[in-house]
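Per chain, numbering begins at 1; letters A, B, ... match sequence-line order. All figures in this text were calculated on a predicted structure; none of them were measured in a lab.
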Number of protein chains: 2
Amino acid sequence: MPRPKPTAARVFHALGDPTRRAILERLTRAPASASQLAPPLAVTLAAVVQHLNVLESCGLIRSEKSGRTRTCRLHPAGFAAAEHWIAARRSAWEERFDRLGELLARPEDA
Amino acid sequence: MPRPKPTAARVFHALGDPTRRAILERLTRAPASASQLAPPLAVTLAAVVQHLNVLESCGLIRSEKSGRTRTCRLHPAGFAAAEHWIAARRSAWEERFDRLGELLARPEDA
DNA sequence: GCAACACTCAAGTCTTCACTTGACAATCAA
DNA sequence: TTGATTGTCAAGTGAAGACTTGAGTGTTGC
């Protein structure tokens, strides 16, 4: 099970797919196995496993195998990577906005 | 110019593409026109415009045309949608985590 | 007016990727 | 041991979408 790195790029790509988002929504409620996740999604077990690999490879979930079942649970590292990316863009935007406001508020004595 | 709605689904799909993320990075520094954005991206102007349409349709940027040039700037609505989605998942996860901690910390007198 | 510019639109190509199928491995339970 | 369960692997298919090309529209400046 390769665990490359939770970069924002990988995370956003992972979050772009509706099936994967549905899996994450389900896992916010409780950990689950692949065979538990598949039925409500109307896809094959094999497809679910592929999605789980994507999610795990970018740090959004962790899974551990005991016996023949693989239990998956949310992992916040991937979420943090995405949040940081967004927050950085947002703060840069707000900073520029503030500077603009300052400029506009300055008394026009120039 | 259709402006459907900044849903998290649309935003994550938009953020999943590296070229679009590069455009957003560029726009955090300053507003820009399509022809200004294209050269460093090594794609056609037409491709850039397609990306801009995607970004605008999910609320990540706004653009206004004056004369023959279309100026694009970041717009925080789309970012907020994505942030809210992540925050909701994260808080649900943390709440469950807290309950688990409570359970484990409870004196084992049962 | 005319040429250069900035963008728009409509096909069409080509790659990526979500999904399925079918075979296989490992584990559990009777 | 045997059969059912759970997951893994390897192709292969089909659709979505990123990108290009080429033609066209409106704008600016000479």
Please report the distance, rounded to the nearest Å, between [atom1] in [X] and [atom2] in [N].
X: A/L52; N: D/dG7; atom1: CG; atom2: C1'; answer: 11 Å
X: B/N53; N: D/dA18; atom1: CG; atom2: P; answer: 12 Å
X: B/R10; N: D/dG17; atom1: CZ; atom2: C1'; answer: 14 Å
X: B/L41; N: D/dA18; atom1: CG; atom2: C1'; answer: 13 Å

Less than 4.0 angstrom between a side-chain N/O of A/S33 and OP1 or OP2 of D/dT6, yes or no?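 No, A/S33 has no side-chain N/O under 4.0 Å of OP1/OP2 on D/dT6.
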Distances under 3.5 Å between protein N/O atoms and the N/O atoms of nucleotides 17-24 of chain C, please, pair by pair.
unit_1	atom_1	unit_2	atom_2	d
C/dA18	OP1	A/R20	NH2	3.2
C/dA18	OP2	A/R20	NH1	3.3
C/dC19	OP1	A/T19	OG1	3.1
C/dC19	OP2	A/H51	NE2	2.1
C/dT20	OP2	A/T44	N	2.7
C/dT20	OP2	A/T44	OG1	2.4
C/dT20	O5'	A/T44	OG1	3.1
C/dT20	O4	A/Q50	NE2	3.2

Is there side-chain contact between B/H75 and B/E56, with at least one heavy-atom pair below 4.5 Å?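 Of all side-chain heavy-atom pairs linking B/E56 with B/H75, none is under 4.5 Å.
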If you define the side chain from C-beta out and look only at heavy atoms, does anything of B/I86 sit under 4.5 Å from B/F12? yes
Do you know which two heavy atoms are closest between B/A8 and B/A81, and how far apart they sit?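 Looking at all heavy atoms of both residues, the shortest contact is CB-O, 4.0 Å.
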Nearest heavy atoms of A/L27 and A/C72, plus distance in Å: CD2-O, 3.5 Å
Could you grab the distance from atom [atom1] of [X] to atom [atom2] of [Y], nearest 0.5 Å is fine?
X: B/R62; Y: B/R73; atom1: CZ; atom2: CZ; result: 11.0 Å
X: A/L52; Y: A/L60; atom1: CG; atom2: CG; result: 11.5 Å
X: B/T7; Y: B/H13; atom1: OG1; atom2: NE2; result: 11.0 Å

Angle between the end axes of the helix from C/dG1-D/dC30 to C/dA30-D/dT1, five pairs per end, to the nearest 10 degrees?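 Taking five pairs per end, the axes differ by 30°.
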Between protein and nucleotides 3-5 of chain D, what N or O pairs are separated by less than 3.5 Å?
unit_1	atom_1	unit_2	atom_2	d
D/dT5	O2	A/R68	NH1	2.6

Residues in salt bridge (Lys or Arg N to Asp or Glu O under 4.0 Å) with A/R89, at least two apart? B/E25
Would you give me the side-chain donor-acceptor pairs under 3.5 Å for residues 34-50 of chain B, sequence neighbours excluded?
unit_1	atom_1	unit_2	atom_2	d
B/S35	OG	B/S33	OG	3.3
B/Q36	OE1	B/S33	N	2.9
B/Q36	OE1	B/S33	OG	3.4

Aromatic rings B/W85 and A/F79: how do their planes relate, parallel, tilted or perpendicular, breaks at 30° and 60°? parallel
Residues pairing under salt bridge (charged side-chain N to carboxylate O under 4.0 Å, His left out) where one sits in residues 13-24 of chain A, two or more places apart or in two chains, turn out to be none
